[in-house]
Peer 1: 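Please find one structure pasted underneath; my questions will follow.
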Amino acid sequence: MKTDVSVLFMLSCAEIFLDRRLVLRHTRDLPAVEVGNGIAKYKEKFGDFDISDHISERISLTDYRVNDDLGENVLEITFADHSNSIQVTLQFSSTSTGQNTIRITNVDGTLNRLWLKIAADEDEHVYGGGEQFSHFNMRGHRYPIWTREQGVGRNKSTIITKLADLIRNAGGDYHTTYWPQATFVSDKLYYAHLEYSAYSVLDFSASGYHELELWENVSQMVIHMGTASTWVDLVGKLTSFFGRQPVPPKWLNNGAVIGLQGGSDRVISIHNSLREKGVDISAVWIQDWSGKLMTSLGKRVYWNWRWNPEFYPDLKRHIKEFRDEYNVRFLSYINPHVINGSEMFQEADSNGYFIKSKSTGKTQLVDFGEMYCGTIDLTNPNAFEWYKQVVKDMLSFGFAGWMADFGGEYLPVDDTMYFDGTPAVEMHNFYSEMWARLNKEAVEEEGKLNDTFVFMRSGFGKSPGHTMTSWAGDQNVDFSYADGLASVIPAALSLGISGMGIHHSDIGGYVSLICMVRTEELVLRWAEMNVFTPIMRTHEGNRPYRNWQIYTMDTTTESFARLTSLYHRLSPYHSFVTEEMATKGIPAQRPLFMHYSDDPTTYDIQYQYMYGPDILVAPVLFEDNYDWSVYLPADQWVYLWNGTEIFVPRSQDGTGMSVTVKAEMGNTPVFYRKGSPWSKLFQTFVKDEVRHGRAPEGLSLKLLLNEPNIFLFLLLRKIFWYVFFNV
């Protein structure tokens, strides 16, 4: 079906429509296009960037002329300044499949800044931007598109972020993310994707327009757009444009992926103990398979991507035995950086496979925090194929997947030289997309796409078409809305509506700094939420021995075992949801408005989600809370844990209503649609033995005697929050 491109123009005003949607409005007072010049500075340390820009000129292109003689559904407008000495051409085109493009060309080569205004309504809702942890509705905010570390705390008003900034300038902000993507969708039911890899900004702060701000090389760029009549059709078109993720391996549904480390003896011992206590396990993830390195950040992996036989003796035999005896896989870890001094570093360095320093012509070493590394230059075809083989070797060894960590976050732009000559400011973001492509190609070429679990935290551009599954990265071990348990919900929703439909998070979080310590309550609340996501996976964190683990107390393990059995029980529904994502492009975790678009309240809800079309999830996000408010759109709902039916009538303004439920530990508030074809499966949860009323373990004598280290840090945490009034 064709999409109509039409224009309404007058003496000093032009309006461009796509499918009767106003997408661009130009007047002399508010020109659609501006150009200029600026000088940017990109200051990087440990993946955190301090970026500034000095604008020397900004020129409004007030005049325009239209060329509509280029064929059906093609329209060209040239904008110019008063003297007609500076021109920018926008060519609008549409194909029979409904794919629309705005191609921007003819920009003067002396200019390095461009601003384009997209028409907007004051009350419009806008979503996407890749993975955004703070605001699902991006209206009213600016979003720099620059991949980087997300930062600790991500809220400049909190004591945690202030201390992180003070200690290492690592505090982060509302917009900092591993996966920025210049993609957004509007409640006018259109999507827009900017194909441009240098620094850009999605600015939604103005009431009458959205502004795209582009830095550096602005000689040409493309905006892809699509429209639809429903949200489901819209995300379907967007994911069709990017390419959709494959269905994750079915064996993941057998239970939790357990993150363990510390060598063969420790891993096998904990695995056996967990299994004896009834924990359903699908895989064991050993991120330190290549060795370990102790730093001030905690215990880290030794970045030499080859098996360390001293740390994990007989690993190949253990991999086979676990699969044959328990149907449990082993997973590993890799990233595109190699530590200086390692065997693999020497090989890559001698072959010229690393990104180089402009000033020396030698391998550029980047400080990752007490470890200096080279980064594989993925623009070098030989390096790309060599590293793809390194990834394939993990499959040959017996691993059924891995965390493909990092991407472009740490890549500096000063004194950086790539093999193919691409400027560093254009490769910084794009590198994450290339890293995703390498991993997927390696798995595809080995014929194991649907049997391998590869999860990534970083992305950009068209990464959704190359990434198999994603995870939310390194959250704090707390309940905070900016960087803890709560933050992974808008992260999943924003990334899902940006085209990446399979998302999950580390159970219990990862970052433990200052006096942030993981509690039993956090572990179990996080785990009970992850039951209703495509993937259930634990992580011991960056400081395992001071933080609560799923094996810290027998009671914790028993509670976690019940949750893994519930996740396992949902296997048929997990498969349905992920297959729907792979065939139709609908994200597994989706906003309520995707199925209740007539309810205006749903457009501002970011801490609840639909899991598939039939389950509504409202996780408990505060400590010591056992009553929780849930918003229900108009429908017939059933509370999963006791079978209580609630009929929510449609009000005059289309809204539903809020209800308060008892939210015992282990029973995250979940409702399902009464008319769901999966009702028989959901009804089995009522028969489940619900352990009511167990308070989470805290500073007890039992903990002191069994885990004095954790007791000490929990005590320090309590004192810290008391002193700082739980800011």
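Predicted, not measured: the structure shown is a model, and the values here were computed from it.
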Peer 1: Under a 3.5 Å distance rule, please check whether Asn625 uses its side chain to pair with a backbone N or O of Leu621 as donor and acceptor.
Peer 2: no

Peer 1: Where is the tightest heavy-atom contact between Trp471 and His503, given as atom of each residue plus distance?
Peer 2: C-NE2, 4.3 Å

Peer 1: With the threshold set at 4.0 Å, does a side-chain nitrogen-carboxylate oxygen contact exist between Arg142 and Glu213?
Peer 2: yes

Peer 1: Are any of the side-chain heavy atoms of Leu493 and Pro587 separated by less than 4.5 Å?
Peer 2: no

Peer 1: Given side chain to side chain donor-acceptor pair (under 3.5 Å), test Ser505 with Trp526 step by step and report yes or no.
Peer 2: CA-CA 9 Å; Ser505 56; Trp526 210 308; 2.9 Å; yes

Peer 1: Could you tell me which non-hydrogen atom of Asp121 sits nearest to which non-hydrogen atom of Arg139, and how far apart they are?
Peer 2: O-NH2, 2.7 Å

Peer 1: Can you name the closest pair of heavy atoms from Gly408 and Thr147 and give their distance?
Peer 2: C-CG2, 3.8 Å

Peer 1: Assess whether side chain to side chain donor-acceptor pair (under 3.5 Å) is satisfied between His224 and Glu195, documenting all intermediate values.
Peer 2: CA-CA 8 Å; His224 301 273; Glu195 192 173 314; 2.6 Å; yes

Peer 1: Taking atom types as modelled, find out whether Arg590 and His595 have a side-chain donor-acceptor pair closer than 3.5 angstrom.
Peer 2: yes

Peer 1: Does either side chain, that of Thr183 or that of Gln181, offer a donor lying less than 3.5 Å from an acceptor on the other one?
Peer 2: yes

Peer 1: Between Glu433 and Lys440, is the closest basic N to carboxylate O distance under 4.0 Å?
Peer 2: no

Peer 1: Check the orientation of Tyr410 and Phe406. Use parallel for under 30°, tilted for 30 to 60°, and perpendicular for over 60°.
Peer 2: perpendicular

Peer 1: Test side chain to side chain donor-acceptor pair (under 3.5 Å) on Thr158 and Asn155 and set out the steps.
Peer 2: CA-CA 6 Å; Thr158 62; Asn155 184 337; 4.9 Å; no

Peer 1: Report yes if some heavy atom in the side chain of Ser498 is under 4.5 Å from a heavy atom in the side chain of Tyr127; otherwise report no.
Peer 2: no

Peer 1: Under the side-chain contact (heavy atoms from CB on, under 4.5 Å) test, which residues partner Val617, sequence neighbours left out?
Peer 2: Phe532, Tyr609, Tyr611, Ile615, Pro619, Thr668, Val670

Peer 1: Which residue pairs satisfy the salt bridge (charged side-chain N to carboxylate O under 4.0 Å, His left out) criterion with at least one member in residues 491-508, sequence neighbours excluded?
Peer 2: Asp506-Arg537

Peer 1: Less than 4.5 Å apart, any side-chain heavy atom of Gln549 and any of Phe560?
Peer 2: no

Peer 1: Under the salt bridge (charged side-chain N to carboxylate O under 4.0 Å, His left out) criterion, do Asp53 and Arg113 qualify, and how do the steps go?
Peer 2: CA-CA 11 Å; Asp53 190 30; Arg113 295 291 183 272; 2.7 Å; yes

Peer 1: Taking Ser597 for its side chain and Met594 for its backbone only, find out whether a donor-acceptor pair lies under 3.5 Å.
Peer 2: no

Peer 1: Main chain of Arg154, side chain of Thr161: is a donor-acceptor contact present, judged purely on distance under 3.5 Å?
Peer 2: yes

Peer 1: Measure from NZ or CZ of Arg546 to the centre of the six-membered ring of Phe713 and say whether it is under 6.0 Å with the direction within 45° of the ring axis.
Peer 2: yes

Peer 1: Within 45° of the ring axis of Trp115 and under 6.0 Å from its six-membered ring centre, is that where the NZ or CZ of Arg58 lies?
Peer 2: yes

Peer 1: May I ask you to decide whether Asp50 forms a salt bridge with Lys45, counting only side-chain N to carboxylate O separations under 4.0 Å?
Peer 2: no

Peer 1: Are a donor atom and an acceptor atom from the side chains of Ser494 and Glu131 found within less than 3.5 Å of each other?
Peer 2: no

Peer 1: Does the separation of the ring centres of Trp637 and Tyr672 fall below 6.0 angstrom?
Peer 2: no

Peer 1: Arg518 and Gly541: which non-hydrogen atoms are nearest, and at how many Å?
Peer 2: NH2-N, 3.9 Å

Peer 1: Would you sort out whether Thr469 and Thr467 count as a side-chain contact (heavy atoms from CB on, under 4.5 Å), showing the intermediate values?
Peer 2: CA-CA 6 Å; Thr469 62; Thr467 305; 5.9 Å; no

Peer 1: Should Val517 and Val477 count as side-chain neighbours, where that means a heavy-atom distance under 4.5 Å?
Peer 2: no

Peer 1: Nearest 0.5 Å please: distance from the NE2 atom of His466 over to the CE atom of Met468.
Peer 2: 13.5 Å

Peer 1: Is a donor on one side and an acceptor on the other found under 3.5 Å between the side chain of Thr176 and the backbone of Gln150?
Peer 2: yes

Peer 1: Could you check whether Arg525 pairs with Glu520 (Lys NZ or Arg NE/NH1/NH2 to Asp/Glu carboxylate O, under 4.0 Å)?
Peer 2: no

Peer 1: For Glu122, does its backbone N or O pair with a side-chain atom of Glu124 as donor and acceptor, under 3.5 Å?
Peer 2: no

Peer 1: State whether Tyr178 and Arg148 meet the cation-pi test: NZ (Lys) or CZ (Arg) under 6.0 Å from the six-membered ring centroid, and within 45° of the perpendicular axis.
Peer 2: no

Peer 1: Run Ile51 and Lys41 through side-chain contact (heavy atoms from CB on, under 4.5 Å) and show every step you take.
Peer 2: CA-CA 6 Å; Ile51 300 173; Lys41 293 183 179 179; over 6 Å; no

Peer 1: Mark yes or no for whether Thr660, through its side chain, and Ser629, through its backbone, hold a donor-acceptor pair below 3.5 Å.
Peer 2: no

Peer 1: Answer yes or no: is there a side-chain heavy-atom contact under 4.5 Å between Met581 and Ile586?
Peer 2: no

Peer 1: Taking the six-membered ring for Trp, are Tyr603 and His125 parallel (under 30°), tilted (30 to 60°) or perpendicular (over 60°)?
Peer 2: tilted

Peer 1: Against the six-membered ring of Phe242, is Lys462 placed for a cation-pi contact (under 6.0 Å from the centre, within 45° of the normal)?
Peer 2: no

Peer 1: Evaluate the side-chain proximity of Phe133 to Thr177: yes if any heavy-atom separation is below 4.5 Å, no if none is.
Peer 2: yes

Peer 1: Does the side chain of Thr601 come within less than 4.5 Å of Tyr596's, by heavy atoms?
Peer 2: no

Peer 1: So, Ser512 versus Asn547: side-chain donor-acceptor pair below 3.5 Å or not?
Peer 2: yes

Peer 1: Would you please indicate if the ring centroids of His428 and Phe49 are separated by under 6.0 Å?
Peer 2: yes

Peer 1: May I ask you to check whether Phe455 and Trp402 place their ring centers less than 6.0 Å from one another?
Peer 2: no

Peer 1: Check step by step if side-chain contact (heavy atoms from CB on, under 4.5 Å) holds for Met427 and Leu411.
Peer 2: CA-CA 9 Å; Met427 268 305 301; Leu411 299 183; 6.0 Å; no

Peer 1: Answer yes when Lys156 and Asp173 have at least one side-chain N-carboxylate O distance shorter than 4.0 Å, and no when they do not.
Peer 2: no

Peer 1: Describe, in one word, how the ring planes of Tyr481 and Tyr607 are oriented to each other, choosing from parallel (under 30°), tilted (30 to 60°) and perpendicular (over 60°).
Peer 2: perpendicular

Peer 1: Donor-acceptor check, side chain of Asn476 to backbone of Asp478, threshold 3.5 angstrom: yes or no?
Peer 2: no

Peer 1: Counting N and O atoms only, with roles assigned by atom type, does the side chain of Thr239 sit under 3.5 Å from a partner on the main chain of Gly243, one being a donor and the other an acceptor?
Peer 2: no

Peer 1: What is the minimum heavy-atom distance between Val531 and Tyr567, and which atoms define it?
Peer 2: O-CD1, 3.4 Å

Peer 1: What are the two closest non-hydrogen atoms of Glu426 and Ser197, and how far apart are they?
Peer 2: O-OG, 2.8 Å

Peer 1: Tell me whether the rings of Tyr143 and His141 are parallel (<30°), tilted (30 to 60°) or perpendicular (>60°).
Peer 2: perpendicular

Peer 1: Do Gln245 side-chain atoms and Gly501 backbone N/O form a donor-acceptor pair below 3.5 Å?
Peer 2: yes

Peer 1: Measure the acute angle between the ring planes of Trp628 and Phe622, then classify it against the limits of 30° and 60° as parallel, tilted or perpendicular.
Peer 2: perpendicular

Peer 1: Do His210 and Leu202 come close enough that some side-chain heavy atom pair is under 4.5 Å?
Peer 2: no

Peer 1: With rounding to the nearest 0.5 Å, note down the distance linking CZ in Arg543 to OH in Tyr510.
Peer 2: 9.0 Å

Peer 1: Using a strict cut-off of less than 4.0 Å between a Lys/Arg side-chain nitrogen and an Asp/Glu carboxylate oxygen, indicate whether Asp48 and Arg168 qualify as a salt bridge.
Peer 2: no

